[in-house]
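Nothing here was measured: the structure is a model prediction, and the numbers come from that model. Scope of the values below: all heavy atoms of this structure, side chains included, with no hydrogens, waters or symmetry mates.
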Amino acid sequence: MKRFLITSLLACSGIFAEAKLLELEAGITPWARQNLPQTTLAYQTVATTTTPVIIATDLAKINQWVPGLFARIAVLPTDEYGIEARYLGLLQWNRVYAISTTGTSPTYSLAVTNVSPITFTGASQVIEDYKMRYESGDLLFLWNISPLYDQFFGVRGLLGPSYIFLEDKLDQTISSLTFLKEYNIKSTNNLVGLRAYGEWIGTPEPFIWGVRGSFGVYGDIYRQVSTISQSIPVSATANYRFVASTAWASTLFQGEVFLGINLFNSLRIKGAFGGEWLNYIGSAVSQPGRGFQTGSIYHKNHFLFYGANISVEWDLF
């Protein structure tokens with residue numbers, strides 16, 4: 001490991017020593033997300049009538065926009081070719097949703113089986129706590145197909161390995177004066193694959209504008225952990241834990257438009273708006289847990305992320 005680190009440092013030193021251009025860019029990325037599954041998460045029973053009271057999409061109604069970080073570094077030994085690293089992350093959505101009653105007639109229950117009818121449990125309160133986190137990173141071969149910033153049009157292409165981490169977690173608590181039951185489910189998508197970028201840049205000085213997009217193909221290494229626990233009454237304690245892993249193919253489509261200003265031909269301030277569409281993704285809110293099996297994992301969720309990006313790009317040399 002020590003020899004590997006020394007070799008890596010020497011290699012990086014050589015690349016920087018031979019670099020003709022070094023680009024740094026960092027910015028803020030507020031994002032929102034859509035397409036949470038329409039799964040029923042909690043039910044209310046009055047007499048013999050049962051109705052849904054919490055659906056997965058309820059968890060997306062507030063706290064929709066969250067701030068994140070965008071950063072990249074590009075090292076070009078020539079005007080045309082180089083290596084670029086990108087990062088987008090620190091994006092986390094949170095939502096707590098609760099229903100309760102002081103009466104004795106309604107009975108609340110959680111959707112904790114994947115068969116019908118579900119198991120009902122008497123209670124006076126249900127609390128849903130949902131979280132989603134997103135991060136991604138790319139290491140790309142960069143090709144300036146035509147010169148950038150010094151002509152009216154520039155074209156850049158990039159291709160390389162890509163990684164995306166998408167995790168969501170649902171914690172459900174159902175309670176009364178004499179009863180407490182919890183259902184926790186956590187899903188993790190580790191997407192490893194290849195991603196291709198394209199950028200078309202216009203430069204009517206001092207402004208810059210353009211469009212950029214990317215397409216990615218990934219293998220989704222998926223893991224889901226589901227737990228049911230009952231702590232009150234102690235005499236009826238029952239705990240269940242299910243762990244399953246599987247894999248499948250996923251795809252990504254991303255695109256945005258941007259507009260900015262070019263200062264001194266080396267400092268650029270950009271604003272962009274666009275979206276990213278992730279296909280064939282697993283989610284905690286689409287897999288009931290008590291009848292949990294690897295074959296019952298629903299992996300056809302299609303999440304849409306969209307938002308803005310404000311960044312500063314600086315050519316060090």
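- Every residue two or more places apart in sequence or in another chain that forms a ring pair (Phe, Tyr, Trp, His ring centres under 6.0 Å) with Tyr280 is listed here: His302.
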Open item on the list: As a quick check of understanding, evaluate ring-ring contact (aromatic ring centres under 6.0 Å, His included) for Trp93 and Trp65, giving each step before the final call.
Closed with: CA-CA 8 Å; Trp93 293 264; Trp65 291 86; 9.8 Å; no
- [ ] Take Ile201 and Val155 through the side chain to side chain contact (heavy atoms under 4.5 Å, CB included) test and state the conclusion after the steps.
- [x] CA-CA 6 Å; Ile201 302 169; Val155 180; over 6 Å; no
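- The shortest distance between side-chain heavy atoms of Thr51 and Tyr43 does not fall below 4.5 Å.
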TODO: Test Gln254 against Ser214 for side chain to side chain donor-acceptor pair (under 3.5 Å), laying out the working first.
DONE: CA-CA 5 Å; Gln254 177 266 334; Ser214 65; 2.7 Å; yes
TODO: Take Gln34 and Tyr306 through the test side chain to side chain donor-acceptor pair (under 3.5 Å) and record every step on the way to the result.
DONE: CA-CA 8 Å; Gln34 294 287 345; Tyr306 60 93; 3.0 Å; yes
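- Considering every non-hydrogen atom in both Ile297 and Ala244, the closest pair reads CD1-CB, 4.4 Å.
- Clustering of Ile, Leu, Val, Met, Phe, Trp and Tyr by side-chain heavy atoms under 4.5 Å joins Leu69 with Tyr87, Leu90.
- Residues Ala56 and Leu36 approach most closely at O-CD1, 3.8 Å, considering heavy atoms.
- Applying the side-chain contact (heavy atoms from CB on, under 4.5 Å) criterion to Ala249, with sequence neighbours excluded, gives no partner residue.
- Rounded to the nearest 0.5 Å, atoms CG (Leu170) and OG (Ser283) are 8.5 Å apart.
- With sequence neighbours left out, the ring pair (Phe, Tyr, Trp, His ring centres under 6.0 Å) criterion links Tyr218 to no other residue.
- Residue Phe207 shares its hydrophobic cluster (ILVMFWY side chains chained together at separations under 4.5 Å) with no other residue.
- Taking the side-chain contact (heavy atoms from CB on, under 4.5 Å) definition, one finds that Trp314 meets it with Leu267, Leu316, sequence neighbours left out.
- Atoms CG and CD1, on Leu142 and Ile83 in that order, are 8.0 Å from each other to the nearest 0.5 Å.
- Residues passing the salt bridge (Lys or Arg N to Asp or Glu O under 4.0 Å) test with Asp129, sequence neighbours excluded: none.
- Contact detail for Ile127 and Ala98: the closest heavy-atom pair is CG1-CB, 4.0 Å.
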- [ ] Please test Ile208 against Leu259 for side chain to side chain contact (heavy atoms under 4.5 Å, CB included), starting from the C-alpha separation and ending with a verdict.
- [x] CA-CA 6 Å; Ile208 59 172; Leu259 177 66; over 6 Å; no
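- Side-chain contact check for Leu76 versus Tyr81: every heavy-atom pair is 4.5 Å or farther apart.
- Taking all atoms of both residues into account, the shortest heavy-atom contact from Thr40 to Pro52 is CG2-CB, 3.7 Å.
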Open item on the list: One pair to check against side chain to side chain contact (heavy atoms under 4.5 Å, CB included): Thr45 and Tyr108. What are the steps and the verdict?
Closed with: CA-CA 6 Å; Thr45 301; Tyr108 295 115; over 6 Å; no
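- Under 3.5 Å, the side chains of Asn279 and Ser250 contain no donor-acceptor pair of N or O atoms.
- Ring to ring, Trp31 and Tyr134 are close: their centroids are under 6.0 angstrom apart.
- Side-chain contact between Glu84 and Val75 is absent, with no heavy atoms from C-beta onward closer than 4.5 Å.
- For residues 131-141, the set of pairs meeting the salt bridge (charged side-chain N to carboxylate O under 4.0 Å, His left out) definition, not counting sequence neighbours, comprises Arg133-Glu135, Asp138-Arg195.
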TODO: Any chance you could lay out the side chain to side chain contact (heavy atoms under 4.5 Å, CB included) test for Glu182 and Gln172, step after step, and finish with the verdict?
DONE: CA-CA 6 Å; Glu182 291 183 85; Gln172 298 176 300; over 6 Å; no
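- Put simply, CG on Asn301 and CG on Asn35 are 9.0 Å apart, with the number rounded to the nearest 0.5 Å.
- Applying side-chain hydrogen bond (donor to acceptor under 3.5 Å, both in side chains) to Tyr130 and the options Asp58, Asp168, Asn94 leaves one that passes, Asp168.
- Rounded to the nearest 0.5 Å, atoms CG (Leu180) and OG1 (Thr173) are 6.5 Å apart.
- Grouping Ile, Leu, Val, Met, Phe, Trp and Tyr residues whose side-chain heavy atoms lie under 4.5 Å apart, directly or via other members, leaves Ile221 alone, with no other cluster members.
- Annotation: salt bridge (Lys or Arg N to Asp or Glu O under 4.0 Å) contacts of Lys186 (sequence neighbours excluded): Glu167.
- Here Leu194 is tied into one hydrophobic group with Leu159, each link being a pair of ILVMFWY side chains closer than 4.5 Å.
- Nearest heavy-atom pair across Gly282 and Phe303 is O-CE1, 4.3 Å.
- Note that the CD1 atom of Ile55 and the OH atom of Tyr97 stand 8.5 Å from one another [nearest 0.5 Å].
- Taking each heavy atom of Ile174 and Val126 in turn, the nearest pair found is CG1-CG2, 4.1 Å.
- Classification of Glu25 and Arg86 as a salt-bridged pair fails, no side-chain N sitting under 4.0 Å from a carboxylate O.
- Checked against side-chain contact (heavy atoms from CB on, under 4.5 Å), Ala272 has the following partners two or more places apart in sequence or in another chain: Arg212, Glu256, Phe258, Asn309.
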